[in-house]
Novice: 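Dumping the structure here so I can ask a few things about it.
Note that these values count all heavy atoms, side chains included, but never hydrogens, waters or copies made by symmetry.
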Amino acid sequence: MKKIQFKQILALLTTAALTIAFASCGTSSTPTEESAETTSTADQELSLLDTYVSNTVISTGSNTVIKNAEHVTYRAWFPVEAAGEYDYRFYFSNTVDSTWGDGSESYVGMSGDSYTIEKATVYDGGTEFDANVEPTVSAAVTFSGSATKEVAPDETFWSDPVTLNVPEGHYLLWEWTVNGTNIPAIAMSNLTYAYADKGDGKGFLYTNEIPVPQLVGCDRKVKTRIVTLGDSVTQGCQTSEFEYQFWAAQLLDQVGTEDYSLWNLGIGYARASDCARQGNWLNRAVAGADLITVAFGTNDIISGPYGGTGHATPEEIEADVRKITRTCTDAGIHTILWNSPPFDMTPELDGIRTAYNETVEGIAKDNGATYFDVASLLADPSDASKTVYGQHPNDEGGTVIADALVKLIQE
C-alpha cells in the first residue's frame with residue numbers, strides 16, 4: 001500500500017460573492033430585503049475561506065446524488081497536503097455542482113432534498129485501510145454547537161472548528177452518518193478510499209459515489225493559493241488508482257508546499273456551460289484562488305449543455321469560457337486558460353474542438369489571462385486529433401502537464 005507524502009494545504013482568497021442565477025427569468029431593479037440577507041450570508045460564508053483552506057488534493061465537488069440514505073455511515077480517507085495539528089472546518093453545499101451524463105439522474109443546479117446529519121467525526125486515518133477497524137484518534141464535528149444538523153435544500157454551511165493532528169504520511173478520515181434523499185455526492189473514480197455502512201450487517205463496503213464536504217479546510221496560510229477548475233481531466237480520472245499521480249497532485253508536488261497550496265475543483269463530466277451558470281462551484285473557486293487553471297471543452301463538445309439537444313457549437317463553448325475567464329480575471333486572479341485536449345473523437349466532433357481551440361488564445365488575451373496550449377502537449381505528433389497518454393491523461397501525461405504548468409507558474 002502506497003503511503004501519501006503531501007504536506008500542505010491551501011489558503012484561500014476572499015472576494016465578493018457572485019450572484020447565483022440558474023434559471024430565473026425575472027428582473028428587479030432593487031434587491032429585496034430577503035435577497036440582500038441571502039447575499040450577505042453568502043459573503044460571510046465565503047469570507048471564512050481566508051482562514052480555513054483546503055488540505056487535500058482530492059476533488060470534493062458534486063456531480064451526482066445519493067438517492068436514498070437511510071441512516072448510512074460514510075467514510076472517506078483523504079491524503080493531506082499539510083501534516084500536523086490544525087483547526088479544521090468543513091464547508092458544505094446542498095446543490096449539485098455539475099451535470100452527470102445526460103443529466104437524467106443529476107444535473108447542474110439540482111437542489112438536494114432536506115436531509116439530516118446524525119453524527120460527524122474526523123480521525124487520524126493512519127497509513128493503511130481497514131474500513132471495519134475503528135480508528136483510535138478522533139474528534140467530533142459539530143454544527144453551531146450541535147452534533148446533529150437538519151440541512152435544507154440548497155443550503156450552504158460550515159461546521160464548527162475542530163482540532164485534529166494528522167501525522168506525516170497519514171490520512172485524514174472523514175466519517176458521517178446521514179439520513180435523507182437526493183444528497184449531493186461525487187463519483188470518486190477510485191481516487192480515494194470511500195466506504196459506506198448501510199446498517200444491514202454487512203459492515204463498510206466500498207462505494208464509488210459518496211457525499212463529502214465541499215472543502216476539507218484547515219487554518220494554514222501559504223503565499224500562493226492554486227485552484228484547479230475543470231472536468232475529469234482535472235479531477236484525475238483514470239490515473240493509477242489511489243496513487244495521486246494526476247496532474248494537479250503532481251503540480252503541487254513540483255512547486256512545493258512551502259509557498260503553494262492547491263484546491264482541486266475538477267469534476268467528472270463537467271461542462272463549461274455548468275460552470276458558467278455561476279453557482280456555488282464557481283463562487284467558491286473565485287473566492288479561493290490567487291492563481292486558477294480553467295480547463296473545459298471535452299464534455300461540452302461530446303454531450304452539450306444540460307437541457308440542450310446535443311453537442312455545443314464552438315461559439316457556445318467560447319461564450320461560456322469567456323464568461324468563466326472574465327469572472328476569474330475581474331476578481332484579480334491570475335488565470336491560466338487551457339485549450340481543449342485531444343480525446344480521440346470522431347472527425348465531426350474533433351472539428352468542433354479544433355474550431356473552439358482557434359478562439360482560446362484570443363479569449364485569454366481579451367481577458368488578461370495566460371494561454372496554455374495543453375492540446376499540443378498531449379496530441380499524437382502525426383495526428384493532432386489522437387491522444388498519446390489516453391483520453392484522460394495517465395500518470396505520464398500528468399507529469400507532462402505538470403512540468404509545463406510549473407514553468408508558467410514560475411514565470
Side-chain angles (χ1 to χ4, degrees), residues 1-4 6 55-80 88 90-92 94 100 105-106 112-113 115-143 147-149 151 159 162 164-167 169-216 235-237 239-244 264 267-268:
M1 184 70 64
K2 179 177 176 179
K3 298 182 181 180
I4 55 96
F6 298 123
N55 199 26
T56 184
V57 294
I58 297 297
S59 173
T60 51
S62 60
N63 56 5
T64 188
V65 293
I66 303 299
K67 292 184 178 180
N68 186 34
E70 296 184 6
H71 313 288
V72 177
T73 300
Y74 293 94
R75 285 182 171 177
W77 278 259
F78 292 108
V80 295
Y88 281 85
F90 302 89
Y91 179 67
F92 303 81
N94 194 17
W100 180 260
E105 298 290 334
S106 54
D113 291 344
Y115 70 92
T116 302
I117 300 174
E118 299 180 344
K119 181 181 179 181
T121 311
V122 285
Y123 302 86
D124 167 7
T127 61
E128 303 292 336
F129 306 96
D130 188 338
N132 293 294
V133 173
E134 289 300 314
T136 57
V137 178
S138 66
V141 178
T142 59
F143 307 89
T148 65
K149 178 174 173 58
V151 182
S159 74
V162 58
L164 181 69
N165 184 12
V166 181
H170 287 219
Y171 289 77
L172 181 150
L173 171 57
W174 166 264
E175 176 188 278
W176 63 342
T177 302
V178 295
N179 184 57
T181 57
N182 288 332
I183 303 171
I186 186 168
M188 278 295 183
S189 300
N190 292 342
L191 291 171
T192 196
Y193 291 85
Y195 290 82
D197 183 348
K198 298 182 179 181
D200 54 6
K202 297 180 180 179
F204 283 95
L205 300 177
Y206 178 78
T207 179
N208 186 48
E209 291 80 28
I210 183 170
V212 289
Q214 273 58 65
L215 176 72
V216 176
Q235 184 184 0
C237 295
T239 53
S240 293
E241 295 181 355
F242 315 117
E243 295 291 328
Y244 318 113
N264 189 341
I267 306 177

Novice: Do Ser59 and Leu191 make a side-chain contact, defined as non-hydrogen atoms from C-beta onward lying under 4.5 Å apart?
Specialist: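 No, too far: nothing below the 4.5 Å cut-off.
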
Novice: Which word best sums up how the rings of Tyr195 and Tyr206 line up, parallel for under 30°, tilted for 30 to 60°, or perpendicular for over 60°?
Specialist: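 Correct class here is perpendicular.
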
Novice: Got Pro211 and Trp176 here, is their nearest side-chain heavy-atom distance under 4.5 Å?
Specialist: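 Yes, their side chains come closer than 4.5 Å.
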
Novice: Might you point out which heavy atoms bring Tyr171 and Thr127 nearest each other, and give the distance in Å?
Specialist: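 So the two residues come closest at CE1-O, 4.3 Å.
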
Novice: Okay, side chain of Asn208, backbone of Ser189: is any donor-acceptor separation there less than 3.5 Å?
Specialist: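 Pair found, side chain donor or acceptor close to backbone of Ser189.
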
Novice: How would you list all residue pairs meeting salt bridge (Lys or Arg N to Asp or Glu O under 4.0 Å) that involve residues 184-212, not counting sequence neighbours?
Specialist: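 Passing the test, one end in residues 184-212: no pairs.
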
Novice: Which heavy atom in Pro184 sits nearest to a heavy atom in Asn94, and how many Å separate them?
Specialist: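 In terms of heavy atoms, the two residues are closest at CD-OD1, 3.0 Å.
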
Novice: OG1/Thr64 to CD1/Ile210 distance, rounded to the nearest 0.5 angstrom?
Specialist: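 Thr64 atom OG1 to Ile210 atom CD1 measures 12.5 Å (nearest 0.5 Å).
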
Novice: Nearest heavy-atom pair of Gln214 and Thr60: which atoms, and what distance?
Specialist: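 Closest approach of Gln214 to Thr60, heavy atoms only: O-OG1, 2.9 Å.
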
Novice: Is the shortest side-chain heavy-atom distance between Glu70 and Asn179 below 4.5 Å?
Specialist: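 With C-beta onward as the side chain, the pair touches.
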
Novice: Any chance you could measure Asn190, atom CG, to Glu241, atom CD, to the nearest 0.5 Å?
Specialist: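 One finds 4.0 Å between CG of Asn190 and CD of Glu241.
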
Novice: Which pair of heavy atoms, one from Pro79 and one from Ile58, lies closest together, and at what distance?
Specialist: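 Nearest heavy atoms, Pro79 then Ile58: CD-CG1, 3.6 Å.
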
Novice: Is any side-chain heavy atom of Val166 less than 4.5 Å from a side-chain heavy atom of Tyr88?
Specialist: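 Touching, per the 4.5 Å side-chain cut-off.
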
Novice: Using side-chain contact (heavy atoms from CB on, under 4.5 Å) as the criterion, point out the one residue from Leu173, Leu164, Thr121 that pairs with Ser138.
Specialist: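 Going through Leu173, Leu164, Thr121 one by one, the side-chain contact (heavy atoms from CB on, under 4.5 Å) with Ser138 is satisfied by Thr121 alone.
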
Novice: Taking Asn182 for the side chain and Val65 for the main chain, is one N or O donor matched with an acceptor at less than 3.5 Å?
Specialist: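 Not a single qualifying donor-acceptor pair exists.
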
Novice: Which atom names give the shortest non-hydrogen contact between Ile267 and Gln235, and what distance separates them?
Specialist: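 Looking at all heavy atoms of both residues, the shortest contact is C-OE1, 3.8 Å.
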
Novice: Check whether any side-chain heavy atom of Val137 sits under 4.5 Å from a side-chain heavy atom of Asn165, and report yes or no.
Specialist: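 Side chain of Val137 against side chain of Asn165, heavy atoms only: no contact under 4.5 Å found.
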
Novice: Work out which heavy atom in Thr192 is nearest to a heavy atom in Phe242; give both atom names and the distance.
Specialist: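 Closest heavy-atom pair between Thr192 and Phe242: O-CE2, 3.3 Å.
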
Novice: Could you walk me through whether Thr73 and Glu175 pass the side chain to side chain contact (heavy atoms under 4.5 Å, CB included) check?
Specialist: CA-CA 7 Å; Thr73 300; Glu175 176 188 278; 3.7 Å; yes

Novice: Using the ring pair (Phe, Tyr, Trp, His ring centres under 6.0 Å) rule, pick out the option among Phe129, Phe78, Trp77 that qualifies with Tyr193.
Specialist: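 It is Phe129; the other options fail the test.
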
Novice: Between Ser106 (side chain) and Asn63 (backbone), is there a donor-acceptor pair under 3.5 Å?
Specialist: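 Yes.
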
Novice: Side chains of Tyr115 and Ile66: closer than 4.5 Å at any heavy-atom pair?
Specialist: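 No. Closest side-chain heavy atoms not under 4.5 Å.
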
Novice: Which residues pass the salt bridge (Lys or Arg N to Asp or Glu O under 4.0 Å) test with Glu118, sequence neighbours left out?
Specialist: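 Here no residue qualifies.
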
Novice: Are side-chain heavy atoms of Leu172 and Thr56 found at a separation under 4.5 Å?
Specialist: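 Side-chain contact under 4.5 Å: no.
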
Novice: Among residues at least two apart in sequence or on other chains, which ones pass salt bridge (Lys or Arg N to Asp or Glu O under 4.0 Å) with Lys67?
Specialist: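 So Lys67 forms a salt bridge (Lys or Arg N to Asp or Glu O under 4.0 Å) with Glu105.
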
Novice: Apply the side-chain contact (heavy atoms from CB on, under 4.5 Å) test between Phe90 and each candidate in Val216, Leu215, Val212; give the one that qualifies.
Specialist: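 Only one option passes, and that is Val216.
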
Novice: Can you check whether Pro213 reaches Phe92 side chain to side chain, under 4.5 Å on heavy atoms?
Specialist: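 Yes, at least one pair of side-chain atoms sits under 4.5 Å.
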
